[in-house]
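Order of the sequence lines sets the chain letters (A, B, ...), proteins ahead of strands, with each chain counted from 1.
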Protein chains: 4
Amino acid sequence: MSTPNEQRRSERSRRAILDAALELCRERGLAKMTVEEIAKRAGVGKQTIYRWWGSKAAVLQEALNERVNSTIDFPYTGDLRADLHTQMSRVAEAFGSEEFAPYTGLIAAAQEDPEVAASLREHMIEPRVRACEERLRRGQEEGQIRKDFDIDTLVEILYGPLYYRLLLHTRPPSLKQVSEILDIAFSGLSPDPGRPEAGKPDPDKPEYGRAGGADGA
Amino acid sequence: MSTPNEQRRSERSRRAILDAALELCRERGLAKMTVEEIAKRAGVGKQTIYRWWGSKAAVLQEALNERVNSTIDFPYTGDLRADLHTQMSRVAEAFGSEEFAPYTGLIAAAQEDPEVAASLREHMIEPRVRACEERLRRGQEEGQIRKDFDIDTLVEILYGPLYYRLLLHTRPPSLKQVSEILDIAFSGLSPDPGRPEAGKPDPDKPEYGRAGGADGA
Amino acid sequence: MSTPNEQRRSERSRRAILDAALELCRERGLAKMTVEEIAKRAGVGKQTIYRWWGSKAAVLQEALNERVNSTIDFPYTGDLRADLHTQMSRVAEAFGSEEFAPYTGLIAAAQEDPEVAASLREHMIEPRVRACEERLRRGQEEGQIRKDFDIDTLVEILYGPLYYRLLLHTRPPSLKQVSEILDIAFSGLSPDPGRPEAGKPDPDKPEYGRAGGADGA
Amino acid sequence: MSTPNEQRRSERSRRAILDAALELCRERGLAKMTVEEIAKRAGVGKQTIYRWWGSKAAVLQEALNERVNSTIDFPYTGDLRADLHTQMSRVAEAFGSEEFAPYTGLIAAAQEDPEVAASLREHMIEPRVRACEERLRRGQEEGQIRKDFDIDTLVEILYGPLYYRLLLHTRPPSLKQVSEILDIAFSGLSPDPGRPEAGKPDPDKPEYGRAGGADGA
DNA sequence: TTGTAATCGAGACGGTACGTCCGGTCTTTGT
DNA sequence: ACAAAGACCGGACGTACCGTCTCGATTACAA
């Protein structure tokens with residue numbers, strides 16, 4: 001079976017479907033949108049969707065791919081820490097934006113559907129991870145960071161906290177968080193007697209255990 | 001309106017429902033199980049589920065709560081880093097286990113349902129975060145780590161990478177990852193000329209960019 | 001099994017149930033009312049209804065019994081045809097009234113439930129048929145009608161047309177119909193050259209075949 | 001809104017639904033059959049039933065329509081009374097048959113649903129009433145019956161007694177009843193001194209008031 | 001007068017069916 | 001020859017009632 005003749009495919013329908021899918025996903029989220037709605041809004045038969053995609057998640061995946069290819073590239077100014085700050089800030093900002101619902105929806109779908117998970121990894125995660133790794137490796141070669149750490153794990157340490165906030169909805173990822181991540185990552189936790197003992201209050205910080213109900217839904 | 005008379009509630013049915021829900025979730029995941037199935041397997045009317053819970057996610061949430069309350073507590077041996085290693089290893093192991101599907105299912109559901117998100121935070125995340133924070137604060141007071149970092153962000157740096165692997169399905173969380181996280185977090189990335197430049201191979205590490213499609217689900 | 005102790009029965013509840021049932025039946029018909037509604041409106045537990053009656057139809061049956069016992073009796077003036085006219089007019093009027101829905105509802109229920117049918121016959125039909133038969137027999141003995149017809153069939157000829165209109169909803173039973181029934185029944189259809197050929201217009205008469213759709217529902 | 005595109009309708013499904021409905025109605029009656037059963041037996045989605053009919057009664061109505069169109073026609077031999085006897089006997093026989101449950105079920109449903117009532121009248125009652133009226137009018141013109149009676153009322157007098165037995169379940173309509181109806185209707189009740197005073201026993205006749213339980217459900 | 005036993009209001013329970021919605025497939029129609 | 005349109009089967013949704021089953025709290029009888 002597999003896919004029909006790619007050549008006869010209607011680009012017009014493809015575009016309308018991707019646009020409608022993205023639109024709907026932003027309106028009510030991946031789980032609450034239906035293939036039927038996409039079809040209706042795109043002015044397309046349902047079969048046309050099922051012919052070319054396996055699920056609404058696959059449609060959304062393709063729709064997202066097109067819009068975000070630009071954000072892959074990593075800056076290079078020579079200062080690794082500054083470049084990381086630039087890039088991570090961009091990510092934190094994106095994660096905090098309302099427009100980002102489709103991405104979290106996709107990650108949610110990936111939890112229950114290995115195909116989505118694979119596609120997500122391949123198209124969204126890995127290219128960005130690779131870009132980050134390359135920048136890190138270059139910095140390493142330039143002696144800006146130590147060489148005895150695993151680059152992959154390092155990427156996870158830098159971006160994991162952003163995903164943590166994004167997906168557990170504790171508080172929105174923020175620029176402040178990015179700075180703190182870099183602070184800790186670069187300086188390390190081990191005590192350094194020569195350093196000042198800063199105790200600045202933190203507006204990001206939720207206060208677990210006090211008036212807990214307020215941070216609901 | 002709200003809930004009916006709690007006193008007349010049948011504990012027998014409640015148990016059967018929670019058990020059935022957990023069982024089904026492990027069999028096919030939260031998204032693919034239905035309220036009807038839970039009811040049938042529990043030998044219960046659907047209305048009995050709808051009477052006491054708002055959704056299948058809420059049932060699962062309650063079912064999970066009961067089983068994991070024991071894992072909150074943090075060890076205290078006096079050595080903060082060792083205690084973190086102990087606890088994070090436990091988490092990494094749990095995250096890797098097959099039995100953990102219900103938890104990721106719940107996180108997925110939280111992406112599209114604020115009520116689930118709130119409940120997840122309140123019952124699963126916050127108690128553990130609090131426990132970790134307390135341990136960290138104690139270590140801080142004992143001078144084992146620096147005092148000028150935000151504790152919340154620190155928690156995110158430690159656990160974020162585990163969630164990253166759990167939810168993005170790049171590779172399973174592992175004990176090795178835990179060690180590396182602690183290495184980086186404690187030592188910091190900044191170069192230290194006195195240290196050896198270890199280059200040990202890493203079995204966890206996927207090789208992005210080579211035969212990338214092969215690691216798909 | 002059967003019924004519980006009749007002596008301890010609460011007359012208060014019995015009354016409230018019968019009243020509520022009749023009220024509800026008039027509001028929305030037997031089929032669309034529920035035991036739950038009766039119980040709620042009567043301020044009574046559902047069990048109290050199920051304890052004493054087998055179905056909502058049985059409740060309604062009993063409720064109706066109480067209200068209509070007065071209409072059984074047949075007048076006796078000496079003029080059979082006049083007495084029939086009096087009684088049948090009363091019936092036609094009752095059948096036409098809006099308050100009569102419970103009765104048709106009961107007949108409807110009887111079509112699918114033999115118990116209701118038996119109860120209906122026993123409590124509502126037979127006593128009235130017997131009364132009518134007695135009056136007819138007396139008239140027969142007095143020589144006011146011929147003796148060579150079956151009394152039962154005669155009753156059916158007199159009242160059947162009223163039930164016909166009541167149950168098939170072609171047009172409401174009317175006094176005019178009663179007069180015509182008696183005319184035909186007493187005179188007979190066979191031509192009598194000596195009689196006048198009346199051709200009075202009939203306001204009751206629907207005109208089948210012309211603009212038929214207009215008389216719908 | 002209303003009905004979808006009639007042209008795309010599947011005749012296959014329509015047939016299966018009507019057949020299943022009639023079958024089920026004969027098995028357990030209109031009230032005790034469910035839309036779900038019809039769907040299952042017809043191998044059809046429930047939605048396909050709800051798409052084209054408003055209720056199970058509507059389905060049954062359409063199913064019955066197709067089977068009974070043949071019985072409308074009235075015989076014409078020149079002898080009105082004989083023709084009436086022929087036709088009414090056919091009806092009496094049909095009313096007595098077990099296969100007739102769907103019809104009584106429909107009449108029952110009509111008591112609580114004006115749409116069913118209208119449909120019943122339009123499709124089942126009126127065509128037959130019209131056919132009978134025409135035959136009667138012709139007989140009237142031929143001088144076989146008097147001209148000073150209302151034809152509609154006459155139809156009710158002839159058929160009302162059959163419906164009476166059918167719906168009140170006193171005793172089954174019978175050929176004997178038909179003969180007696182015609183006897184009374186044609187001869188009239190008024191005494192005729194020249195006639196014999198027949199007193200033949202009647203097997204149809206129930207004996208109200210004696211051992212009444214025997215005719216119970 | 002006080003137990004004792006049954007009925008009572010209340011309503012949770014295991015179920016059945018409702019009528020709606022959507023997922024995926026199959027058929028018809030128009031271009 | 002495509003696709004659009006959309007009807008189709010299947011089956012889960014959440015709701016409404018069914019008739020049964022506890023629960024105390026009356027209530028009426030017997031002791």
Side-chain angles (χ1 to χ4, degrees), chain A residues 4-5 7-10 12-13 16 32-37 39-40 42-52 54-56, chain B residues 3-10 12-14 16 32-40 42-52 54-56, chain C residues 3-14 16-17 32-40 42-52 54-56, chain D residues 3-14 16-17 32-40 42-52 54-56:
Chain A
N5 187 339
Q7 312 226 276
R8 291 185 178 281
R9 183 168 186 181
S10 155
R12 200 188 165 301
S13 296
K32 281 169 200 144
M33 82 198 214
T34 69
V35 174
E36 233 147 31
E37 274 176 319
K40 174 152 286 183
V44 136
K46 278 202 288 178
Q47 188 69 111
T48 303
I49 297 180
Y50 285 112
R51 196 170 2 246
W52 302 106
S55 65
K56 62 186 176 186
Chain B
T3 56
N5 187 338
E6 271 282 359
Q7 311 224 276
R8 293 197 178 287
R9 183 167 186 181
S10 156
R12 201 189 164 302
S13 297
R14 182 176 161 278
K32 280 168 200 146
M33 83 199 212
T34 70
V35 173
E36 232 146 37
E37 273 178 319
I38 300 175
K40 174 154 286 181
V44 136
K46 276 200 291 177
Q47 189 62 60
T48 302
I49 297 181
Y50 287 114
R51 196 169 5 245
W52 302 108
S55 65
K56 62 186 177 184
Chain C
T3 55
N5 188 339
E6 271 282 0
Q7 312 226 275
R8 287 181 180 278
R9 182 168 187 181
S10 155
E11 177 59 17
R12 201 187 164 304
S13 296
R14 182 176 161 278
I17 288 165
K32 280 169 202 147
M33 84 199 210
T34 71
V35 173
E36 234 147 30
E37 273 177 320
I38 301 175
K40 175 151 284 182
V44 137
K46 279 200 291 178
Q47 188 73 110
T48 302
I49 297 180
Y50 285 112
R51 192 170 6 244
W52 301 107
S55 65
K56 63 186 176 184
Chain D
T3 55
N5 188 337
E6 270 283 356
Q7 312 225 275
R8 290 182 182 278
R9 184 168 185 180
S10 155
E11 177 59 18
R12 200 187 164 304
S13 297
R14 183 178 160 275
I17 289 165
K32 281 168 202 147
M33 83 200 213
T34 70
V35 174
E36 238 152 25
E37 274 176 319
I38 300 175
K40 174 154 285 183
V44 137
K46 280 200 291 178
Q47 189 66 70
T48 303
I49 297 180
Y50 286 113
R51 189 165 15 238
W52 301 108
S55 65
K56 63 187 176 184

For atom CD of D:Gln47 and atom P of F:dC13, their distance in whole Å:
17 Å

Expressed in angstrom and rounded to an integer, what is the separation of D:Arg12 atom CZ from E:dT28 atom C1'?
16 Å

Distance check: side-chain N/O of B:Ser10 vs OP1/OP2 of E:dA12, anything under 4.0 Å?
no

Using only heavy-atom distances, decide whether a donor-acceptor pair under 3.5 angstrom links the side-chain of A:Lys46 to the base of F:dG6.
no

Nearest-nucleotide comparison on DNA chain F, the residue closer to the 5′ end among B:Gly54 and D:Arg9
D:Arg9

Determine: side-chain N/O of A:Ser13 to OP1/OP2 of F:dA4, distance under 4.0 Å, yes or no.
yes

Looking at every non-hydrogen atom in both residues, tell me the closest pair between D:Gly45 and D:Ala39 and how far apart they are.
C-CB, 4.3 Å

Where the side chain of B:Glu36 is defined as all heavy atoms beyond and including C-beta, which of E:dG23, E:dA17, F:dC13 is the nearest nucleotide?
F:dC13

Rounded to the nearest Å, what distance is computed from the OH atom of residue D:Tyr50 to the P atom of nucleotide F:dG11?
17 Å

Take D:Met33 and A:Glu37, find for each the nucleotide of DNA chain E with the closest heavy atom, and name the residue whose nucleotide sits nearer the 5' end.
D:Met33

Atom-to-atom span, CD1 of B:Ile38 to P of E:dG15 - whole angstrom:
16 Å

Verify the contact: side-chain N or O of D:Trp52 to OP1 or OP2 of F:dC8, cut-off strictly under 4.0 Å; return yes or no.
yes

So which one's nearest nucleotide on DNA chain F is more toward 5', B:Thr34 or D:Gly43?
D:Gly43

Student check: side-chain heavy atoms of D:Trp52 and D:Arg9 closer than 4.5 Å
yes

Check whether any side-chain N or O of A:Thr48 sits under 4.0 Å from OP1 or OP2 of F:dA3, and answer yes or no.
no

Are B:Ile49 and B:Lys46 close enough that some pair of their side-chain heavy atoms sits under 4.5 Å apart?
no

Using a strict 4.0 Å threshold on nitrogen-to-oxygen distance, state whether B:Glu37 and B:Lys40 make a salt bridge.
no

Distance in angstrom units between B:Ile49 CD1 and F:dT15 P, rounded:
13 Å

Taking atom P of F:dC29 as reference, at what distance in whole Å does atom CD of C:Glu6 sit?
14 Å

Taking atom P of E:dA12 as reference, at what distance in whole Å does atom CZ of B:Arg14 sit?
17 Å

Could you tell me whether the phosphate oxygens of F:dA5, OP1 or OP2, come under 4.0 Å of any side-chain nitrogen or oxygen in D:Arg8?
no

Name the residue closer to the 5' end of DNA chain E, choosing between B:Ala42 and D:Val35 according to the nucleotide with the nearest heavy atom.
B:Ala42

In whole angstroms, the gap separating P of E:dA17 from NZ of D:Lys40 amounts to 10 Å

Distance-minimising heavy-atom pair for B:Asn5 and B:Gln7:
OD1-N, 2.7 Å

Please state whether the phosphate of F:dC8, meaning OP1 or OP2, lies under 4.0 angstrom from any side-chain nitrogen or oxygen of D:Arg51.
yes

